Amino acid sequence: MRKFLKTKSLFVAGLLCTTSLAHAEDVEVLHWWTSGGEAAALNVLKDDLSGQGIGWTDMPVAGGGGEQAMTVLRARVTAGNAPTAVQALGFDILDWADQGALADLNEVAAQEGWDDVVPDALKAFAKHDGKWVSAPVNVHSTNWVWANKAVLDANGIAQPTNWDEFVAAVEALKAAGVTPIAHGGQAWQDATVFDAVAMSTLGPDGYKAAFIDLDEETLGGDAMKEAFDRMAFIRDNVDENFSGRDWNLATAMVINGEAGFQMMGDWAKGEFLNAGKVPGEDFLCFRFPGTQDQVTFNADQFMMFDQGGTVSAEQAALASAILSPSFQIAFNKVKGSVPARTDVDGSDLDACGQQGMKDLAAAASSGNLFGSMAHGHAAPASVKNAVYDVVTAHFNGEYGSEDAVTELVDAVSIAK
Ligand code: GAL
């Protein structure tokens, strides 16, 4: 390890000297990490870089899931003013790589042996035509439930393990006058819940057929209608102010004991930690009932925009910092995600983080690891947006479950 680190710093030092570090430039980083927990995680990266003498120009674009950030990015690139590095997800990275907009990171990747340590599921989005075009910073997953332990205990509710137990728990909270489900009514949040509900209702084969293979029969089938019925149940058990609420404010409802559960990716854990809460004592994390053996993942990556030729020294240093083993642990402890490398020791992570790592490894080896539809890892943005539209319209009562499946089949077939 020491030899590796030494080689690594020599390599980065070399790049810094041979390229432009005589006048070190800041890295300008476009991202959507603006909640308390996300900002705390981002600080870990900023501090790491500042330790290397690299400055940071912050370009935050608020909006969970990153839709607004992607809109701003498109405008910046169109204006010929791409940021140095950009947080991005799955198919969006491949899309920019297809357009030839991204810098080639193969040199730093080869020096640091990324091919040997980054899992294939992430390489599928970090590499394009054999070229590394982005640096994965983490692995999140979307099929989690976050619960306030005191609220559950006070109402005699055990952690639900299947849909029927979940329904019973929700009914018990409602009867006790507690908001059962904290939710923010934004399309990406509705879709995040739908990831888990669909996985639980359709099973892993059905999830893959619908959202990765885009099979019409599955998209329009009875199990999909059942998934929409379950979404309607969830809609009936959120508070009346859910519309438009940011995800972290929904998390705060669970943190404060105003609500029992939130279905959200493990970035929610960053909010609990930022509020000083302890897993297992103050809050529970568990897989959405019926998805205990599956993981719907999304990995944040930083794609490096081609600034005219070779990768810049700052971009190489940023990429190198992002994938260093010590940074991977330090960052992911705060962010709620798990490392993007398979060779780091996760014993330093809290109970939820350790479960996340264990689940990820088990799902990868049993063939139960799937890209998240809601977070751009199942299908390209056009299809994702089509699913968002239908899930949100149904969630808001524009149509019932029967019509939702018909709409879903139509919308996906037009988008794909
Ligand atoms: C996801 C992203 C996470 C988290 C979340 C809410 O798309 O992967 O890192 O930030 O959005 O903003």
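Whatever order the structure lists them in is the order used to number ligands and atoms, beginning at 1. If you read the sequence from its start, that first residue is 1, and numbering goes on from there. Note that the structure is a prediction, hence the values are computed from the model and not measured.
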Enumerate the residue pairs fulfilling ring-ring contact (aromatic ring centres under 6.0 Å, His included) with a member in residues 36-69, sequence neighbours excluded, ordered by first and then second residue.
none
Specify the protein heavy atom at minimum distance from atom 7 (O) of ligand 1: its residue, its atom name, and the distance to 0.1 Å.
H375 ND1, 2.8 Å
Check for me whether G66 has a heavy atom closer than 4.0 Å to any atom of ligand 1.
no
Side-chain heavy atoms of T192 within contact of M263, under 4.5 Å:
no
Among F297, F194, W267, the one residue meeting ring-ring contact (aromatic ring centres under 6.0 Å, His included) with H375
W267
Taking the six-membered ring for Trp and the full ring for Phe, Tyr or His, determine whether the centres of F395 and H183 are under 6.0 Å apart.
yes
Would you check if the side chain of Q315 reaches a backbone N or O of V311 as a donor-acceptor pair within less than 3.5 Å?
no
Any side-chain donor paired with an acceptor under 3.5 Å for N332 and S337?
yes
Mind checking whether N138 contacts ligand 1 via backbone (N, CA, C, O), side chain (CB onward), both or neither, at a 4.0 Å heavy-atom cut-off?
neither
Return a table of donor-acceptor pairs under 3.5 angstrom between the side chains of residues 62-74 and protein atoms on other chains or two or more places apart.
from: T71; atom 1: OG1; to: E67; atom 2: O; distance (Å): 3.1

Among protein heavy atoms, which lies nearest atom 9 (O) of ligand 1, and at what distance?
D300 OD2, 2.6 Å
Which atoms of ligand 1 sit under 4.0 Å from any heavy atom of E38?
4 (C), 5 (C), 6 (C), 10 (O), 12 (O)
Report, in ascending order of atom number, the atoms of ligand 1 lying under 4.0 Å from any heavy atom of K335.
3 (C), 4 (C), 9 (O), 10 (O)
Do any N/O atoms on G65 end up under 3.5 angstrom from N/O atoms on ligand 1?
yes
Based purely on interatomic distance, does W188 place a nitrogen or oxygen under 3.5 Å from a nitrogen or oxygen of ligand 1?
no
Under a 4.0 angstrom heavy-atom cut-off, which atoms of ligand 1 come close to L89?
7 (O), 8 (O)
What atoms in ligand 1 come closer than 4.0 Å to a heavy atom of W247?
6 (C), 12 (O)
